[in-house]
Number of protein chains: 2
Amino acid sequence: MPPKTASRPALSRDVVADRALEIADAEGLEAVTIRRLATELGVTPMALYWHFRTKEDLLAGLADRVLDAVELPARGGDWAADLRGAMHALVVAMRPHPQVANLVPTRIMHNQKGLDLTEWALQTLADAGFAPQPAGQLAMQALRSVVGMVTSDPVDGSGMTAEERDAELRTKRAYLASLPPDRYPALIRHADAMTYCPDPDEFFDLGIDLYVAGVRGLAPKA
Amino acid sequence: MPPKTASRPALSRDVVADRALEIADAEGLEAVTIRRLATELGVTPMALYWHFRTKEDLLAGLADRVLDAVELPARGGDWAADLRGAMHALVVAMRPHPQVANLVPTRIMHNQKGLDLTEWALQTLADAGFAPQPAGQLAMQALRSVVGMVTSDPVDGSGMTAEERDAELRTKRAYLASLPPDRYPALIRHADAMTYCPDPDEFFDLGIDLYVAGVRGLAPKA
DNA sequence: ACCTGAACACCGTTCAAGT
DNA sequence: ACCTGAACACCGTTCAAGT
């Protein structure tokens, strides 16, 4: 039966991890603190140690929660489309939690969905004709590529309001415009493109396209 | 003139940053602490605040120090070779300090060498025919690609002794071998390739090749 | 099984003061 | 200009104890 204080929901790994995810999304990973988490959950800091061995274990739990949300699509026969599908699935799962993205690579091999993703990637790369060594490296590169994109997401990457983003954008452009034009002509010419991304979806598409085109370029000729 | 206690070298941003780099390389970024740093430098924790506004500022200093070490080669006319040269220069500068690699992207635009690198990349990608928007994204992707490789360097990535690495390698392989073979056949087949890299240089070469091949695949036809 | 209480050894940082 | 001293508000974690 539930505890007396009906206000407090029962504690569990998932409840704690979900709350930690909310804090991380709203205020960044540094804001995720055993003590803060305990206060918000109406519990003593030590209570959390029943569910997580250490804070590191808790952070691993966050990464697992993100990986668990991955929905792998069905495989077709085309290796390029399959790679795209897996990367897109990862992007969809990770974009809501850009702060946690960096933790995912450490969990990829210790998580059911992570193993499924890796198996998928290895099979696909083997289909494309790669030997085990490059296939393994390219599979990991796909993961890192997605993590990198999500981490530097031009929109959601750093929980800010629209006004804050606007102010920062103006600051950045003013800064780039102030650079010596004889030394940094291209930088100045690209100032707008580097500071503003009209369509975030295109941002991710380009990253995935880049990876797939790279794999295609390196693939052994059939 | 030097202070009385000749044992203590004069404090400065560079002296502090170099010491912090040593600690980070040997024991990881978490070991870099204002108080620890002060003790090692024979000084009060508060002394460091004369040279760095905050700890964040100190960490930025570490990233700057890594970027300062980049030696850009001369440019040829071939855009692919130029891209390769810039990425290789970044790899050479960052590999000795894999723990700091993650901090570099935040400094790339606030550092002389970072700006030089970006200018180089943008000019090269413009030469290859890219419009400003994709050129800007691809330039950042090159940086992230290098950071990702250095961060997961199979050899130097996580300051361990040869014995520790060997033990971990055996553990990992035993773990992969214990997976259900009907569900993870490729993973098991790739176990050796995923856990051991015979030549770290090839690891980085493949990553750079992947990026360049990707750019080539996306480049507008001449 | 699940949680509390008190204590320990750390953090980064402010503020006033010394030289 | 450069550094010290004392204090504040935090951390993660251990260990023994409660229910």
Side-chain angles (χ1 to χ4, degrees), chain A residues 1-24 26-65 99-100 102-103 106-107, chain B residues 1-24 26-65 99-100 102-103 106-107:
Chain A
M1 72 176 92
K4 267 193 192 154
T5 48
S7 65
R8 172 160 80 70
L11 226 53
S12 72
R13 275 185 78 94
D14 284 353
V15 166
V16 176
D18 282 341
R19 190 66 172 234
L21 258 186
E22 286 176 30
I23 298 177
E27 304 177 37
L29 256 193
E30 333 78 60
V32 176
T33 268
I34 299 278
R35 293 177 117 102
R36 156 98 182 258
L37 219 33
T39 315
E40 290 201 8
L41 293 168
V43 98
T44 272
M46 291 309 97
L48 303 187
Y49 281 87
W50 181 259
H51 303 277
F52 299 92
R53 225 169 29 76
T54 63
K55 188 184 179 180
E56 215 184 333
D57 192 24
L58 194 164
L59 293 178
L62 297 200
D64 281 336
R65 211 113 180 92
Q99 308 270 2
V100 187
N102 261 322
L103 304 174
T106 68
R107 294 301 297 167
Chain B
M1 69 178 92
K4 266 189 191 160
T5 48
S7 65
R8 171 160 79 71
L11 226 52
S12 72
R13 274 184 79 94
D14 284 354
V15 167
V16 176
D18 282 340
R19 191 65 171 238
L21 257 185
E22 287 176 30
I23 298 178
E27 305 176 38
L29 255 194
E30 333 77 60
V32 176
T33 268
I34 299 278
R35 292 176 118 102
R36 157 99 179 258
L37 220 33
T39 315
E40 291 201 9
L41 293 169
V43 96
T44 272
M46 290 310 96
L48 303 189
Y49 281 86
W50 181 259
H51 303 277
F52 298 93
R53 224 169 30 76
T54 62
K55 188 185 179 181
E56 216 185 332
D57 191 26
L58 194 163
L59 294 178
L62 297 199
D64 282 335
R65 213 115 179 90
Q99 307 270 3
V100 186
N102 260 321
L103 304 175
T106 67
R107 294 302 296 167

(request) Measure the spacing between CZ of F52(B) and CG of L58(B) and express it to the nearest 0.5 Å. (result) 4.5 Å

(request) Measure the spacing between CZ of R107(B) and CG of D64(B) and express it to the nearest 0.5 Å. (result) 4.0 Å

Whole-Å distance between [N] [atom2] and [X] [atom1]?
X: E30(B); N: dC11(D); atom1: CD; atom2: P; value: 19 Å
X: H51(A); N: dT4(C); atom1: NE2; atom2: P; value: 10 Å
X: F52(A); N: dC2(C); atom1: CZ; atom2: C1'; value: 14 Å
X: L37(A); N: dC10(D); atom1: CG; atom2: P; value: 16 Å
X: R13(A); N: dC2(C); atom1: CZ; atom2: P; value: 13 Å
X: W50(A); N: dC2(C); atom1: CH2; atom2: C1'; value: 6 Å

(request) Would you mind telling me which of L21(B), L62(B), V43(B), L48(B) makes a side-chain contact (heavy atoms from CB on, under 4.5 Å) with V16(B)? (result) L48(B)

Got a list of protein N/O to nucleotides 13-19 of chain C N/O distances below 3.5 Å?
| residue | atom | partner | partner atom | Å |
| --- | --- | --- | --- | --- |
| dT13(C) | OP2 | Y49(B) | OH | 2.8 |
| dT13(C) | OP2 | K55(B) | N | 2.9 |
| dT13(C) | O5' | Y49(B) | OH | 3.3 |

(request) Please determine, for dC8(C), whether a Watson-Crick or G-U wobble partner exists with both distances under 3.5 Å, and give it or none. (result) dG12(D)

(message) Both distances below 3.5 Å, Watson-Crick or wobble geometry, any strand: find the nucleotide opposite dC3(C).
(response) none

(request) Determine yes or no for a side-chain-to-main-chain donor-acceptor pair under 3.5 angstrom, with R13(B) supplying the side chain and H51(B) the backbone. (result) yes

(message) I'd like to know if the side chain of T44(B) and the backbone of A47(B) have a donor-acceptor N/O pair within less than 3.5 Å.
(response) no

(message) Please confirm whether the shortest side-chain N or O distance from T33(A) to OP1 or OP2 of dG12(D) is below 4.0 Å.
(response) yes

(request) Work out which heavy atom in R36(B) is nearest to a heavy atom in E40(B); give both atom names and the distance. (result) NE-OE2, 2.8 Å

